[in-house]
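See structure below.
Numbered from 1 within each chain, the chains take letters A, B, ... in sequence-line order. This structure is a prediction, so every number in the text was calculated from the model and none was measured. Heavy atoms only: backbone and side chains are in, while hydrogens, waters and symmetry mates are out.
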Protein chains: 2
Amino acid sequence: MMPKPSAKERILDAYQDILIEHGIGAITLEAVAARAEVSKGGLLYHFGSKEALLQGLIDRVGHLGVTDLDEARAAPEGVVRYYLRSSVTDVTQDKAMHRTTLAAMRLIGNEEAVDEAMRAYTHNWRDLLAEHVGDSVLADFVGITGDGLYLRAMLGEDTSHLLDDFIAILARLGI
Amino acid sequence: MMPKPSAKERILDAYQDILIEHGIGAITLEAVAARAEVSKGGLLYHFGSKEALLQGLIDRVGHLGVTDLDEARAAPEGVVRYYLRSSVTDVTQDKAMHRTTLAAMRLIGNEEAVDEAMRAYTHNWRDLLAEHVGDSVLADFVGITGDGLYLRAMLGEDTSHLLDDFIAILARLGI
DNA sequence: GTCTATAGGACGATAGAC
DNA sequence: GTCTATCGTCCTATAGAC
């Protein structure tokens with residue numbers, strides 16, 4: 001069920017992990033290779049340059065983003081609840097998209113391609129939220145509330161204790 | 001009224017500008033010095049190292065943060081409105097704290113001292129909002145809405161068109 | 001207080017063995 | 001597919017003139 005991931009996936013995981021734990025400044029080919037338990041040469045066989053590594057993360061944002069929206073549509077708890085729940089970080093949050101998003105956020109403003117991928121992701125969510133909330137402005141409002149929770153996650157805060165209260169507040173707005 | 005800023009201030013402004021426009025990857029002593037119109041040696045006279053430059057930005061977050069909260073307390077429009085307005089980016093937004101915050105956000109996750117300064121700033125705002133909203137959870141909610149708007153600003157989006165609608169939504173919650 | 005020049009180190013990427 | 005070794009570049013920081 002959980003076989004050892006391929007070297008390529010391990011390398012991308014290592015890239016994410018270092019971004020989340022130490023930030024963009026700690027990203028060197030050597031550090032990523034060491035964490036993925038390959039040599040620098042081994043890394044460069046799979047990703048021909050540092051930029052290829054970045055593109056790998058962007059592709060992951062795209063693929064996992066689609067999966068995430070599909071899961072949201074099918075979630076018994078409903079789209080809004082699913083969205084807010086996946087926006088908070090708590091000790092047990094280990095969803096793949098959550099880690100990929102946190103890693104990508106560390107690169108915002110550094111690479112235009114990352115900014116664009118993140119904008120696309122937030123806008124896709126906005127559209128899905130609009131379908132389920134029935135109001136364009138309220139959809140923006142819920143979307144941006146989730147973004148705020150993500151910013152706090154980026155700062156290392158655990159916001160899970162706010163989740164139920166926030167859902168109750170949105171319920172008062174008819175959401 | 002607006003004399004030419006001292007070299008030290010110009011250097012810190014240049015540091016911020018490059019962070020906002022090109023990200024942490026574009027920060028080199030040479031690039032900052034060029035933008036501030038001093039030489040590399042001139043820069044290093046005022047800030048003895050790259051880390052000193054970072055500390056300068058952190059200090060600015062602290063000082064401007066205090067000023068910002070004071071202005072919010074005195075704002076005729078009220079604290080909540082002031083907060084949301086200063087969280088959106090539009091073409092005319094040139095408040096000093098806004099630019100400093102956007103620059104500091106580019107460094108989140110890279111330097112623990114930055115994360116701490118940003119957490120302190122958001123928590124001070126939360127406390128002020130709680131005084132004026134009268135409810136702890138609602139204060140967190142408004143605070144995080146502003147954070148979400150800031151994240152969008154970080155992505156290069158203009159969210160000013162949402163401001164009035166968001167204020168109206170909060171009014172429905174008795175805020 | 002501001003400059004030029006350069007030492008010294010870190011990093012990305014290539015070459016080639018296995 | 002994975003490794004070691006190495007080259008060339010870019011960057012921080014220092015030294016010292018003005």
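For A:Leu53 and C:dC11, the CG to P distance is 15 Å, given to the nearest whole Å. Rounded to whole Å, atom C1' of D:dC3 lies 12 Å from atom NE2 of A:His46. Whole-Å rounding puts the B:Leu44 CG to D:dC11 P distance at 14 Å. Rounded to whole Å, atom C1' of C:dT2 lies 10 Å from atom CD1 of B:Ile11. Rounded to whole angstrom, the span from the CG atom of A:Leu43 across to the P atom of D:dC3 amounts to 10 Å. Spacing between atom CD of B:Glu30 and atom P of C:dC3 amounts to 12 Å, rounded to whole angstrom units. Taking atom CD1 of residue B:Ile24 and atom P of nucleotide D:dT12, one finds them 11 Å apart after rounding to whole Å. Atom NZ of A:Lys40 is separated from atom C1' of D:dG1 by 18 Å (rounded to the nearest Å).
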**Prompt:** Between B:Tyr150 and B:Tyr83, does a ring-ring contact (aromatic ring centres under 6.0 Å, His included) hold up when you go through it step by step?
**Reply:** CA-CA 11 Å; B:Tyr150 249 112; B:Tyr83 176 69; 8.3 Å; no

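In the set C:dG12, C:dT2, D:dT12, the nucleotide with an atom closest to the side chain of B:Lys50 is D:dT12. Side-chain proximity of A:Thr28 to D:dT4, D:dG1, C:dC11: nearest is C:dC11. Which of D:dA13, C:dG12, D:dT2 sits closest to the side chain of B:Leu29 comes down to D:dA13. In this structure, of D:dT12, C:dT2, D:dT4, it is C:dT2 that holds the atom nearest to the side chain of B:Ala7.
Taking 4.0 Å as the cut-off between side-chain N and carboxylate O, B:Arg99 and B:Asp94 do not count as a salt-bridged pair. Taking the charged nitrogens against the carboxylate oxygens, A:Asp70 and A:Arg73 do have a contact shorter than 4.0 Å, which makes a salt bridge. At a threshold of 4.0 Å, the pair B:Asp13-B:Arg60 counts as salt-bridged, since one of the basic side-chain nitrogens sits closer than that to a carboxylate oxygen. A salt bridge is absent between A:Lys95 and A:Glu71; no separation between the charged side-chain nitrogens and carboxylate oxygens falls under 4.0 Å.
Comparing A:Gly41 and A:Ile27 by the nucleotide of DNA chain C whose heavy atom lies nearest to each, the residue mapping closer to the 5' end is A:Ile27.
Close to D:dG1, at under 4.0 Å from its OP1 or OP2, lies a side-chain N or O of A:Tyr45.
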